[in-house]
J.: 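Structure below; questions to follow.
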There are 2 protein chains.
Amino acid sequence: MTTRVLVVDDDAHILRAIRIHLTACGYAVRTAQTGRAALRAGAEEHPDLVLLDLGLPDLDGTAVITELRSWSTVPIIVLSARTDGADKINALDTGADDYLTKPFSMPELLARMRAAVRRSGSPTDRDTVVATRDFSIDLAAKRVLSRAGTQVHLTPTEWAILEILVRDRGALVSQRRLLSEIWGPAYRTETNYLRVYLAQLRRKLEPEPARPRYLITESGMGYRFQD
Amino acid sequence: MTTRVLVVDDDAHILRAIRIHLTACGYAVRTAQTGRAALRAGAEEHPDLVLLDLGLPDLDGTAVITELRSWSTVPIIVLSARTDGADKINALDTGADDYLTKPFSMPELLARMRAAVRRSGSPTDRDTVVATRDFSIDLAAKRVLSRAGTQVHLTPTEWAILEILVRDRGALVSQRRLLSEIWGPAYRTETNYLRVYLAQLRRKLEPEPARPRYLITESGMGYRFQD
DNA sequence: TGGATCCGTTAGGAAGGCGTCAAGATCGGT
DNA sequence: ACCGATCTTGACGCCTTCCTAACGGATCCA
């Protein structure tokens, strides 16, 4: 599978140069020139890696890191012209994974990208099929089977929510993260969407939709898939 | 819990300087001056982080990385005097997580260490689970399980308090800090909030809520989580 | 001994979050 | 252009959570 990279820089020339290099190396490249565009692209496309320039016109670079980190663990490599040590430390402590000072050598960037992707890739994969007493979920096939073996039809949004919850089953998933990942960061507060779709999922999956056993609500915090 | 660092360098002076710095910053430091000693120490002590100089007398630095990586995913930060780009790329592709060229600034090293540990800590829930005799707390999943395995439901405020106490378990946490972090600096003096929520937490977690064993009050100062 | 201070406990009203339903808007395929 | 499926939006009632106040117990010191 190709690695999808989101490159964020306000300079179109640099953007173009990086895109050409990365594309030639087999990466799928998406670009953004502003912080807001970067956050939108991050939420919509779920890149496997983010290359982030700190000097953006609209938002502070660390603000972009903070926002991304509020719902995602995607590796972030900061590329910056600032040689100030404080910036470096600040970015790393905010949640960046690596920090390169411009000008940097392309082979080094590529090596650091490989290292970042290697780290993030391995621990994520768990079982692809999650079975409960009442139904089973095949994450790879994007399919849900009831106990009788009949297929349960889910709409795209229903599946998106269920997938996130099941991938982190047992863990509490904040409403912020669900909304950011599915509708985008701008919808962070539209919690009524979640209420509607969770009700639909429960009607389709739970033996007693009024008394949820698998799709648990943690009031004020988020939702949890309990198996 | 303190982070255990294995520092590998053939120069005793540098070793000593790094040890002093890291110990002062709260790390538990173990040192090795040769590749073989490093591998032995890595196998015996399972450090949380390795700082590795590439110029070792007995083994090539990349050989140490390869050997460690054959059985461990511990973060490795390479410290090297070689400015050659090829070395850097080679080390990263062999399995190193980061690469700093000497001379480097101490604050930057510390920031990169924090970033490396943060990354390695989150995916697996080894360090995020705190188990006691009566219950276990999963900080990443935001979940508390009683000894019987049943889930203990906590409200957002209860969880916020417990999380702060458990993250600094063993240490005294002042009432001011709890109030500032959860309700904001303006509520610094509303200590009755804490009394109410600590009582609720004890009722849910302590075997004998009237005689707290884990959530300890330090009269006039603050609270402490004792495991 | 008496007062002052700090803490634990309880309970009820206020506020906000959640489940539910249904209708309008939008999308996608024929 | 039509129709079904899907998504959005608003409203309502219920339930959880939070805040607040009051009271009693413990400790310390004058």
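Lettering follows sequence order; numbering is per chain, from 1. Excluded from the calculations below are hydrogen atoms, water molecules and symmetry mates; all remaining heavy atoms, backbone and side chain alike, are included.
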J.: Can you see if the side chain of B:Thr155 gets near the phosphate of D:dT16 - specifically, an N or O under 4.0 Å from OP1 or OP2?
T.: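 Checking B:Thr155 against D:dT16: no side-chain N or O falls below 4.0 Å of OP1 or OP2.
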J.: Please answer whether the main-chain N or O of B:Asp97 pairs with a side-chain N or O of A:Arg119 as donor and acceptor at a distance below 3.5 Å.
T.: yes
J.: Are B:Glu206 and B:Arg213 close enough for a salt bridge, meaning some N to O gap below 4.0 Å?
T.: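 No.
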J.: When the distance from CD1 of A:Ile161 to P of D:dC7 is rounded to whole Å, what number comes out?
T.: 9 Å
J.: Nearest whole Å is fine: how far is D:dC18 P from B:Tyr193 OH?
T.: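 The answer, rounded to whole Å, is 12 Å.
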J.: So, OP1 or OP2 of D:dT17: does either fall under 4.0 Å of a side-chain N or O from B:His153?
T.: yes
J.: Taking B:Tyr99's backbone N and O only, do any of them form a donor-acceptor pair with A:Arg112's side chain (distance below 3.5 Å, no angle check)?
T.: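 Judged by distance alone, yes, a pair lies under 3.5 Å.
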J.: Tell me: NZ of B:Lys204 to C1' of D:dT16, nearest whole Å?
T.: 10 Å
J.: My understanding is that only residues two or more places apart in sequence, or in another chain, count here; which of them pass salt bridge (charged side-chain N to carboxylate O under 4.0 Å, His left out) with B:Arg195?
T.: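 Salt bridge (charged side-chain N to carboxylate O under 4.0 Å, His left out) check on B:Arg195 returns nothing, list empty.
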J.: Are any side-chain N or O atoms of B:Arg224 and backbone N or O atoms of B:Ile216, one a donor and one an acceptor, separated by less than 3.5 Å?
T.: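 The answer is no, because no donor-acceptor pair under 3.5 Å joins these two groups.
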J.: Are OP1 or OP2 of D:dC7 and a side-chain N or O of A:Tyr197 less than 4.0 angstrom apart?
T.: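 Answer yes for this pair, as a side-chain N or O of A:Tyr197 is under 4.0 Å from OP1 or OP2.
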J.: Is B:Trp183 touching bases, backbone alone, or none of the nucleic acid, heavy atoms closer than 4.0 Å?
T.: sugar-phosphate
J.: Which atom pairs, donor and acceptor, lie under 3.5 Å between side-chain atoms of residues 182-192 of chain B and protein residues at least two apart or in another chain?
T.:
residue  : atom : partner  : partner atom : Å
B:Arg188 : NE   : B:Pro185 : O            : 3.1

J.: Heavy atoms under 4.0 Å is the rule here; annotate nucleotides 9-19 of chain C 5' to 3' with B where the base is hit, S where only the sugar-phosphate is, and - elsewhere.
T.: BB------SBB
J.: Atom CD of B:Glu190 to atom P of C:dC7: distance rounded to whole Å?
T.: 14 Å
J.: Can you tell me the distance, in whole Å, between the CD1 atom of B:Ile182 and the C1' atom of D:dC19?
T.: 15 Å
